[in-house]
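Along the sequence shown, residues are numbered consecutively beginning with 1. One-based numbering, in listed order, for ligands and for the atoms of each. Worth knowing before you read on, the calculation uses all heavy atoms, side chains too, and leaves out hydrogens, waters and symmetry mates.
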Amino acid sequence: MYTTEFLDLPPLDSADGVVRLPGSKSISNRVLLLAALCEGTTAVHDLLDSDDTLVMLKALEQLGCSLSRHGGVLRITGLAGLPPAKPAKLFLGNAGTAMRPLTAALAVLGGEFELSGVPRMHERPIGDLVDALRKLGCTIDYLAQQGFPPLRIGRPQLRLTEAIPVRGDVSSQFLTALLMALPLVAQQDITIEVEGELVSRPYIEITLNLLARFGVAVRRDGWRRFIIPAGSRLVSPGEVHVEADASSASYFIALGAIAAHDGRVLRIEGLGHDSIQGDIRFVEAAQLMGADVRSGPNWIEVRRGAWPLRPINIDCNHIPDAAMTLGVMALYATGGSSVLRNIASWRVKETDRIAAMATELRKLGARVEEGADWLRITPPDVWKSARIGTYDDHRMAMCFSLAAFADQGTTVRVEDPKCVGKTFPQYFETLFTVARTAPEHIPVICIDGPTASGKGTLASRVADRLGYHYLDSGALYRIAALAARNAGLELTAQRESEIAAVAATLPVRFAADRVLLDGQDVTDAIRTEEAGMNASRVSALPAVRTALVELQRGFRQLPGLVADGRDMGTVIFPGAALKVYLTASAAQRADRRQRQLSAKGIATTIDVLRADLEARDARDSQRAVAPLKAAQDALLLDNSEQSIEESVDQVLRWWEERQPFKDT
Ligand SMILES: Nc1ncnc2c1ncn2[C@@H]1O[C@H](COP(=O)(O)OP(=O)(O)O)[C@@H](O)[C@H]1O
Ligand SMILES: Nc1ccn([C@H]2C[C@H](O)[C@@H](COP(=O)(O)OP(=O)(O)O)O2)c(=O)n1
């Protein structure tokens with residue numbers, strides 16, 4: 001997951017390939033709660049691993065459920081319909097799918113519980129659910145503002161003979177919560193009556209479907225009355241497979257419609273046309289806009305159909321979450337405006353999504369009108385690069401990533417990308433496996449300079465701050481030298497072609513912070529001073545340098561690269577958007593190297609080190625091919641008197657000055 005302050009998406013061109021998506025959040029949290037309440041043990045396969053499921057799991061553990069994990073399977077032994085034995089204070093983050101049903105289940109079962117969440121959760125209304133629960137005899141108090149979490153729950157005196165009214169027009173989660181909780185106390189038929197128009201009906205269908213799997217067949221009379229039959233009991237079905245999340249799939253369905261052009265196909269696995277999730281109907285909306293979609297029971301394939309996309313005017317009640325994705329697709333639907341209607345529930349989600357979408361779409365150049373429960377979006381005439389605020393809302397981050405495909409070459413900065421952790425922690429990584437763009441669009445920052453100037457330290461920290469890949473090109477010369485020695489070669493010009501042949505086929509792999517050569521961990525072996533000197537020797541051989549060019553350029557991958565070495569800016573990435581030539585005095589560098597070595601328990605003297613590094617400087621800058629020197633357009637940074645943080649901040653400032661949205 002990207003935990004950087006922001007993530008810049010350079011202009012993207014197309015998409016193809018296969019994605020497997022994480023499990024559905026709605027199904028995951030419902031299954032977890034039902035498994036926790038029922039009789040028996042449930043093995044849950046393909047559970048979503050995200051912030052919202054984590055808070056649910058922690059809460060269930062606190063309530064006394066026993067959980068164990070083996071491989072990808074989670075086993076839960078339920079409470080068999082009994083109230084939790086101990087009082088508990090549950091923290092539920094910003095997970096509505098945990099807060100609402102747990103409130104209902106615990107209020108019906110009774111005990112001493114407190115339920116709280118993040119500040120935004122304390123702004124999301126729960127009064128209608130609490131009113132319904134109080135009417136049937138539950139004890140619930142507000143601990144802060146009336147109508148909002150945090151809540152205290154006590155013991156109920158249940159009255160279940162009369163129909164229980166619940167409002168259906170704010171959030172379907174209230175009805176879901178009652179439907180999952182009331183089978184615990186169904187000594188007689190229990191009737192729930194929905195007041196107002198029921199929003200987000202598909203989510204109720206998921207609830208009913210899962211209740212049926214746990215042995216409870218709810219009867220219903222249209223969408224107004226739901227009856228839980230007397231004698232209902234929640235019983236584990238044994239095994240449950242969680243299907244991939246249909247709301248998460250919406251981003252990739254849209255991606256296919258926007259970017260799978262010229263024979264490309266985007267295939268989504270783990271979800272198909274017989275999905276029980278309402279958001280699967282996003283497919284129909286995407287088709288109306290022009291997507292070419294084919295699907296089977298467990299897969300969906302999407303290609304670009306109509307292009308540009310067609311504007312849409314649609315009632316989104318049946319796809320409340322996935323409909324946000326239509327808002328960004330509308331940017332590509334020229335020839336009119338798109339209207340998304342019946343989206344009032346957006347106002348009380350992770351953020352006020354109507355206001356948030358309007359604000360951020362405008363930044364890209366779209367004209368947007370906003371009503372109480374609708375949005376009208378007219379695509380930009382001229383796209384603008386923009387910093388997109390995400391409001392701690394995973395769906396804002398995910399849908400706006402799709403704005404990077406404008407053919408006018410816009411850069412989209414997604415702020416706080418880690419908000420996707422709520423439902424899809426690997427969203428951007430998954431996007432980058434299928435999104436394509438020309439290499440010259442992928443940003444590169446080059447940091448060249450002499451030994452021990454701090455290139456590696458600076459480059460890897462800048463890469464961390466930007467979420468970019470990092471290329472330590474010196475490591476490749478070190479590895480090439482080691483591999484050549486292992487092959488019994490002397491590191492001399494007479495052996496140039498043989499060393500180059502070794503370098504051309506290096507079986508090297510970078511895994512986390514380890515370097516593997518032919519499966520052997522050589523991380524420490526390549527870091528000795530001798531290995532540095534050997535690297536310097538082989539790096540003077542032109543054929544060796546040529547052999548390593550493609551390997552180095554292969555590191556230029558989405559979302560960007562920071563590369564350090566001697567010739568990053570002059571030879572390997574001459575078109576890089578930022579080149580830094582890093583220096584420090586020889587005395588400083590010798591001192592730094594000595595500290596670095598002594599931290600590893602290697603004793604040396606400053607004089608020897610200084611002589612070594614001056615010898616290396618001389619060889620690296622005097623060789624015939626790609627000598628160490630500043631690129632003409634490089635910015636010079638002498639960090640002799642700077643701390644590491646100061647030099648990192650300096651480079652990031654230079655980088656910001658080059659961004660297209662720096663003045664916005
Ligand atoms: N600006 C700086 N100020 C002080 N020490 C630094 C600075 N930059 C790097 N160092 C230290 O100098 C040592 C050498 O840095 P390194 O990144 O390995 O250099 P290079 O990759 O140029 O050989 C490291 O121990 C690092 O912590
Ligand atoms: N892009 C590069 C990187 C390194 N080299 C050569 C020259 C250097 O002396 C050796 C070792 O590089 P490395 O960056 O690992 O060395 P230092 O950490 O700066 O001591 O490889 C090169 O020629 N071109």
Indicate whether any N or O donor in one side chain lies under 3.5 Å from an N or O acceptor in the other, for [X] and [Y].
X: Y470; Y: D464; result: no
X: T523; Y: D521; result: yes
X: D392; Y: T351; result: no
X: S640; Y: D638; result: yes
X: R619; Y: S539; result: no

Indicate yes or no: does an N/O atom of [X] lie under 3.5 Å from an N/O atom of ligand 2?
X: D472; result: no
X: R545; result: yes
X: S473; result: yes
X: D564; result: no

Proximal ligand 1 atoms for [X], defined as those under 4.0 Å from one of its heavy atoms:
X: G454; value: 8 (N), 9 (C), 15 (O), 16 (P), 17 (O), 19 (O), 20 (P), 22 (O)
X: G456; value: 17 (O), 20 (P), 21 (O)
X: Q596; value: 13 (C), 14 (C), 18 (O), 24 (C), 25 (O)
X: R593; value: 14 (C), 18 (O), 23 (O)
X: S647; value: 1 (N)

[atom] [closest protein heavy-atom partner, distance rounded to 0.1 Å]:
atom: atom 16 (O) of ligand 2; value: R478 NH2, 3.1 Å
atom: atom 3 (N) of ligand 1; value: Q642 O, 3.0 Å
atom: atom 18 (O) of ligand 2; value: R593 NH2, 3.3 Å
atom: atom 11 (C) of ligand 2; value: R616 NH1, 3.6 Å
atom: atom 10 (C) of ligand 2; value: A535 CB, 3.6 Å
atom: atom 20 (O) of ligand 2; value: T451 OG1, 2.5 Å
atom: atom 2 (C) of ligand 2; value: R566 N, 3.3 Å

Indicate yes or no: at least one non-hydrogen side-chain atom of F6 is less than 4.5 angstrom from one of L466.
yes

Are side-chain heavy atoms of M56 and S28 found at a separation under 4.5 Å?
no

Tell me the contacting part of A599 for ligand 1: side chain, backbone, both, or neither, using a 4.0 Å heavy-atom threshold, strictly below.
neither

At under 4.0 Å between heavy atoms, which part of K455 makes contact with ligand 1: side chain, backbone, both or neither?
both

Which atoms of ligand 2 have any heavy atom of [X] under 4.0 Å away?
X: S536; result: 9 (O), 10 (C)
X: D620; result: 7 (C), 8 (C), 9 (O)
X: M568; result: 1 (N)
X: K455; result: 19 (O)

Contact between ligand 2 and R619 is defined here as a heavy atom of the residue under 4.0 Å from a ligand atom; is it met?
no

Nearest-option assignment for atom 12 (O) of ligand 2, heavy atoms, candidates G449, A475, G474:
G474

Output field: ring centroids Y2/Y468 closer than 6.0 Å
no

Check against salt bridge (charged side-chain N to carboxylate O under 4.0 Å, His left out), K363 and E360
CA-CA 5 Å; K363 288 184 186 168; E360 304 308 317; 2.7 Å; yes

